[in-house]
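First the structure, in the form of structure tokens, and then the observations on it.
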Amino acid sequence: MATTTLTADTIGQTINDNDIVLVDFWAEWCGPCKRFGPVFEASSETHQDVVFGKVDTEAEQQLAAELQIFSIPTLMAFREGILVFNQAGALPGPALEQVVQAVKGLDMDEVRAKIAAASDGQA
């Protein structure tokens with residue numbers, strides 16, 4: 001599966017309608033983004049069960065601001081609609097593969113329990 005361009009209009013539904021979504025926030029002028037792009041694309045070909053989306057932060061400045069993207073590239077991973085990974089910086093292929101495998105291996109009941117416990121402590 002190739003990467004999908006995501007916008008403010010499509011990102012929410014994409015995250016909610018798919019089990020695992022990885023999102024690469026990038027810009028045309030960003031050197032590290034250009035180096036990470038082919039790594040991200042290659043991973044999308046390997047993992048047909050994962051949605052790989054790209055957000056052009058220049059075209060989607062409001063979305064990038066809402067998601068607090070302060071440096072690019074930034075990679076976010078969502079599982080069952082929950083943000084489970086958020087890191088700035090271009091990852092080499094093996095590191096991206098580790099992220100994908102870790103996200104696939106998450107016990108989402110445990111993740112939801114931790115979120116619930118954290119929000120109970122905030123009340």
Side-chain angles (χ1 to χ4, degrees):
M1 177 185 287
T3 58
T4 303
T5 299
L6 298 176
T7 66
D9 293 334
T10 61
I11 192 169
Q13 184 172 359
T14 300
I15 290 168
N16 290 325
D17 289 354
N18 295 281
D19 184 40
I20 300 174
V21 179
L22 268 64
V23 183
D24 172 24
F25 293 85
W26 68 284
E28 185 63 37
W29 52 262
C30 168
C33 298
K34 288 185 176 185
R35 289 190 294 279
F36 181 60
V39 173
F40 193 72
E41 186 76 34
S43 185
S44 77
E45 298 296 334
T46 303
H47 298 283
Q48 303 289 321
D49 56 335
V50 176
V51 173
F52 285 75
K54 295 179 75 69
V55 174
D56 180 346
T57 57
E58 288 295 303
E60 296 292 333
Q61 291 182 15
Q62 182 66 35
L63 175 60
E66 287 174 14
L67 294 175
Q68 300 180 348
I69 304 300
F70 298 117
S71 64
I72 52 174
T74 289
L75 178 66
M76 287 186 171
F78 297 86
R79 173 94 187 264
E80 297 178 14
I82 299 170
L83 177 64
V84 294
F85 181 85
N86 182 359
Q87 180 176 311
L91 296 174
L96 179 56
E97 181 63 23
Q98 284 183 324
V99 170
V100 172
Q101 293 304 327
V103 171
K104 286 182 177 185
L106 285 172
D107 178 339
M108 291 308 293
D109 290 334
E110 185 178 312
V111 169
R112 281 187 286 278
K114 286 181 180 177
I115 291 170
S119 64
D120 286 346
Q122 304 273 333

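Just so it is clear, the values below take in all heavy atoms, side chains as well, and ignore hydrogens, waters and symmetry mates. Counting begins at 1 with the first residue of the sequence.
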* To do: Please indicate whether Q13 has more than 12 foreign heavy atoms, meaning atoms of other residues, nucleotides or ligands, lying under 6.0 Å from its CD.
  => no
* Would you please name every residue forming a salt bridge (charged side-chain N to carboxylate O under 4.0 Å, His left out) with E80, sequence neighbours left out? => R112
Contacts under 3.5 angstrom, residues 65-78 side chains, donor-acceptor by atom type, not counting sequence neighbours:
residue, atom, partner, partner atom, Å
E66, OE2, Q62, NE2, 3.3
T74, OG1, S71, O, 2.5

* Anything under 30° is parallel, anything over 60° is perpendicular, the rest tilted; go ahead and classify F40 against F52. => perpendicular
* To do: Answer whether the closest heavy-atom distance between the side chains of V39 and L91 falls below 4.5 Å.
  => no
* Residue pairs involving residues 84-105 (criterion salt bridge (Lys or Arg N to Asp or Glu O under 4.0 Å); sequence neighbours excluded) -> D49-K104
* **E60 side chain vs A8 backbone, donor-acceptor pair below 3.5 Å** => yes
* disulfide (SG to SG under 2.5 Å) pairs, two or more places apart, involving residues 15-86 -> C30-C33
Acceptor/donor pairs from residues 81-89 side chains to any protein atom, 3.5 angstrom cut, sequence neighbours excluded:
none

* Side chains of D56 and W26: closer than 4.5 Å at any heavy-atom pair? -> yes
* Under the 3.5 angstrom rule, does the side chain of N18 hit a backbone N or O of V21 as a donor-acceptor pair? -> no
* To do: State, with a plain yes or no, whether a side-chain heavy atom of L22 is found less than 4.5 Å away from one of L96.
  => yes
* Asked: Considering all heavy atoms of both residues, which atom of S119 and which atom of A116 are nearest to each other, and what is their separation?
  -> OG-O, 2.9 Å
* To do: Please check if any side-chain donor atom of E41 sits under 3.5 Å from a side-chain acceptor atom of T3, or the reverse.
  => yes
* **I15 side, atom CD1; I20 side, atom CD1 - distance, nearest 0.5 Å** => 13.0 Å
* Any salt bridge (Lys or Arg N to Asp or Glu O under 4.0 Å) pairs touching residues 15-30, not counting sequence neighbours? -> D19-R79, D24-K54, E28-K34
* To do: Apply side-chain contact (heavy atoms from CB on, under 4.5 Å) to V23 and L6, showing your working.
  => CA-CA 8 Å; V23 183; L6 298 176; 3.9 Å; yes
